[in-house]
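Everything numeric here is computed off the predicted structure, so don't read it as measured data. First listed ligand is number 1; within each ligand, the first listed atom is number 1. All heavy atoms count here, side chains included; hydrogens, waters and symmetry mates do not.
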Amino acid sequence: MADQKIAVVTGANRGLGFETARQLAQRGFHVILTARNLQAGADALKRLRAEKLTVELHKLDVTVSEDARALARHIREKHDRVDVLVNNAGILTKSAREPGAESSDPLTVSPLTLMQHFNTNTLGAVRLIQALAPLFSESARIINVSSGMGALHDMGGGHLGYRLSKTALNAVTRVFAHELAPRHIRVNSVCPGWVRTAMGGLSATRSVEQGVETIVWLATSPQATDSGFFWRDRQRIPW
Ligand SMILES: NC(=O)c1ccc[n+]([C@@H]2O[C@H](COP(=O)([O-])OP(=O)(O)OC[C@H]3O[C@@H](n4cnc5c(N)ncnc54)[C@H](OP(=O)(O)O)[C@@H]3O)[C@@H](O)[C@H]2O)c1
């Protein structure tokens with residue numbers, strides 16, 4: 001265990017986070033699978049342990065600063081370092097698919113809904129980076145799971161909260177890439193493409209395996225040495 005690299009994945013009970021946790025564990029990482037719902041996390045843990053993967057579960061709601069600090073305390077006591085952090089947890093309000101959900105229409109969406117997206121999709125990553133900062137190993141890697149919907153060069157209509165929160169997440173990537181450069185810690189954003197998860201829906205064009213490919217590559221590849229960029233399909237894309 002002492003030689004095993006330690007990876008933390010947020011929102012890892014399903015979707016892209018679950019597959020990222022699985023693939024990092026398959027590559028020899030000790031993965032700390034985090035989930036805001038402990039039962040959902042336990043179900044995910046069971047599936048990965050059935051594959052004989054080295055994973056543990058820790059409760060983490062990325063909107064709760066104390067959860068992030070408790071995770072840091074646990075890691076300090078048990079592992080004393082973090083080699084990879086994947087900030088994956090995210091929300092996308094879908095008024096069309098979730099009856100009762102608030103509209104994401106830019107002309108009517110409430111400030112509260114905008115702030116909820118910001119709190120999860122942007123500040124969630126900030127909370128984790130701040131809490132784990134003392135524990136990052138030299139050359140640790142931070143991957144922020146962003147979206148093309150946050151890219152200014154290709155900005156369209158709809159989903160104001162999600163778009164703003166992912167644009168801001170990309171700024172988080174740039175700022176922390178600079179802040180952590182002296183420690184050789186690499187910080188990057190990834191767009192996984194349109195992926196068949198609860199968020200992406202059944203019509204999405206990519207499998208979860210395709211969706212996590214660049215995330216896992218940035219987390220593990222000796223060739224992936226850049227920092228402060230936005231990636232899709234192992235290629236840099238414009239902000
Ligand atoms: N799917 C796509 O097409 C696509 C495209 C571009 C970017 N992305 C990004 O990829 C990431 C993963 O999305 P996905 O497609 O896998 O979606 P998903 O299946 O809806 O999974 C989202 C995950 O985030 C968790 N989560 C939400 N709020 C959280 C919170 N406050 N604290 C901790 N966990 C929280 C969810 O937990 P619960 O199970 O408890 O809800 C779930 O585990 C997101 O950041 C998303 O924006 C997805």
Side-chain angles (χ1 to χ4, degrees), residues 8-23 31-45 47-48 57-71 85-94 97-98 101 104 113 115-128 131 142-151 154 156 158-170 172-173 188-216 218 230-233 237:
V8 173
V9 184
T10 69
N13 53 292
R14 60 184 165 101
L16 290 161
F18 177 78
E19 185 60 22
T20 300
R22 182 210 295 270
Q23 293 200 16
V31 175
I32 303 173
L33 181 157
T34 70
R36 62 178 165 178
N37 178 319
L38 267 183
Q39 186 54 56
D43 292 345
L45 190 77
R47 287 171 62 196
L48 295 182
L57 170 64
H58 205 279
K59 184 187 178 301
L60 174 73
D61 182 328
V62 300
T63 66
V64 178
S65 299
E66 181 47 33
D67 276 11
R69 289 193 288 267
L71 173 67
L85 166 64
V86 181
N87 283 313
N88 165 80
I91 57 167
L92 165 64
T93 299
K94 290 178 278 194
R97 293 194 203 135
E98 292 176 9
S104 58
T113 297
M115 286 192 289
Q116 283 168 341
H117 281 87
F118 191 66
N119 197 18
T120 302
N121 298 354
T122 315
L123 297 185
V126 173
R127 283 186 189 92
L128 266 292
I142 299 168
I143 293 109
N144 293 326
V145 183
S146 183
S147 168
M149 287 176 72
D154 191 28
H159 293 294
L160 184 64
Y162 188 76
R163 288 186 184 281
L164 292 179
S165 66
K166 293 294 189 181
T167 306
L169 178 63
N170 285 347
V172 168
T173 293
N188 287 286
S189 282
V190 172
C191 169
W194 187 24
V195 184
R196 288 186 294 279
T197 61
M199 184 184 289
L202 293 174
S203 312
T205 51
R206 294 185 176 202
S207 65
V208 281
E209 289 81 5
Q210 290 170 311
V212 304
E213 214 253 332
T214 300
I215 299 170
V216 172
L218 282 168
F230 193 14
W231 301 83
R232 184 192 291 131
D233 297 332
I237 57 172

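- Annotation: side chain of Leu71 is in contact with side chain of Leu128 (closest heavy-atom distance under 4.5 Å).
- Side-chain atoms of Ile215 and Val86, non-hydrogen and from C-beta on, do get closer than 4.5 Å to each other.
- Atoms of ligand 1 lying under 4.0 Å from any heavy atom of Pro192, numbered from 1 in the order shown and given with element: 5 (C), 6 (C), 7 (C), 8 (N).
- Taking a cut-off of under 4.0 Å to the non-hydrogen atoms of Val145, the atoms of ligand 1 that pass are 9 (C), 10 (O), 11 (C), 45 (O).
- In terms of N/O distances under 3.5 Å, ligand 1 is approached by Asp61.
- The shortest heavy-atom contact between Thr214 and Asp233 is OG1-N, 3.2 Å.
- Counting the atoms of ligand 1 from 1 in the order shown, those under 4.0 Å from a heavy atom of Trp194 are 3 (O).
- Counting protein heavy atoms only, atom 24 (O) of ligand 1 is closest to Gly90 N, 3.4 Å.
- The closest side-chain heavy-atom distance from Phe18 to Leu48 is below 4.5 Å.
- Between Ile143 and Leu85, the closest side-chain pair of non-hydrogen atoms is not below 4.5 Å.
- Looking only at protein heavy atoms, the nearest one to atom 25 (C) of ligand 1 is Gly11 CA, 3.8 Å.
- Atom NE2 of His159 and atom CE of Met149 lie 5.0 Å apart (nearest 0.5 Å).
- Close contacts of ligand 1 with Ile91, meaning ligand atoms under 4.0 Å from a residue heavy atom, involve 27 (C), 28 (N).
- Here Thr120 has side-chain heavy atoms under 4.0 Å from ligand 1, and that is the only part of it that gets that close.
- Interface of Gly15 with ligand 1, defined as ligand atoms under 4.0 Å from a residue heavy atom, comprises 16 (O), 19 (O).
- In this model, a donor atom of one side chain and an acceptor atom of the other lie less than 3.5 Å apart for Asn170 and Ser146.
- Once rounded to the nearest 0.5 Å, the distance linking OG1 of Thr167 with CG of Asn121 reads 11.0 Å.
- Using a 4.5 Å heavy-atom threshold, the side chains of Leu16 and Thr197 count as touching.
- Side-chain polar atoms of Asn119 and Arg127 form a donor-acceptor pair below 3.5 angstrom.
- Closest to atom 48 (C) of ligand 1 among all protein heavy atoms lies Leu16 CD1, 3.8 Å.
- In Arg206, neither the side chain nor the backbone holds a heavy atom less than 4.0 Å from any atom of ligand 1.
- Residue contact check: Leu60 has heavy atoms under 4.0 Å from atoms 32 (N), 33 (C) of ligand 1.
- For the ligand labelled ligand 1, residue Tyr162 lies inside the 4.0 Å heavy-atom shell.
- When all heavy atoms are compared, the tightest approach of Thr93 to His117 is OG1-CE1, 2.8 Å.
- Contact of the Glu213 side chain with the Gln210 side chain is not registered, since no non-hydrogen atoms from C-beta on lie closer than 4.5 Å.
- Scanning the protein for heavy atoms near atom 40 (O) of ligand 1, the closest one is Arg36 NE, 2.9 Å.
- Taking all heavy atoms of Ser146, Ala44, Cys191 into account, the minimum distance to atom 7 (C) of ligand 1 is reached by Ser146.
- Side chains of Pro192 and Arg206 form no contact here, defined as non-hydrogen atoms less than 4.5 Å apart.
- When hydrogens are left out, the protein atom nearest atom 34 (N) of ligand 1 is Ala89 CB, 3.5 Å; that is the closest non-hydrogen contact.
- When each atom of ligand 1 is checked for a heavy atom of Thr63 under 4.0 Å away, the hits are 31 (N).
- Ligand 1 lies within reach of Lys166, whose nearest heavy atom is under 4.0 Å from it.
- In terms of protein heavy atoms, atom 19 (O) of ligand 1 is closest to Arg14 NH1, 3.1 Å.
- Atoms of ligand 1 lying under 4.0 Å from any heavy atom of Gly200, numbered from 1 in the order shown and given with element: 1 (N), 3 (O).
- If you look at Asn121 next to ligand 1, there are no close heavy atoms at all, none under 4.0 Å.
- Protein heavy atom at the shortest distance from atom 3 (O) of ligand 1 is Val195 N, 2.8 Å.
- Looking at Ala12 next to ligand 1, no N or O pair under 3.5 Å apart turns up.
- Of all the heavy atoms in Val195 and Gly211, the pair that sits closest is CG2-CA, 3.8 Å.
- In summary, the side chains of Ser189 and Asn144 do not present any donor paired with an acceptor at a separation below 3.5 Å, with no hydrogens or angles considered.
- The protein non-hydrogen atom at the shortest distance from atom 1 (N) of ligand 1 is Thr197 OG1, 3.1 Å.
- Between Asn13, Asn144, Val64, it is Asn13 that holds the heavy atom closest to atom 43 (O) of ligand 1.
- Scanning both residues, Trp194 and Gly200, for their nearest heavy atoms gives NE1-O, 2.9 Å.
- Which of Ser147, Ala35, Gly193 comes nearest to atom 4 (C) of ligand 1 through a heavy atom is settled by distance: it is Gly193.
- Remark: distances from the non-hydrogen atoms of Asn88 to ligand 1 include one below 4.0 Å.
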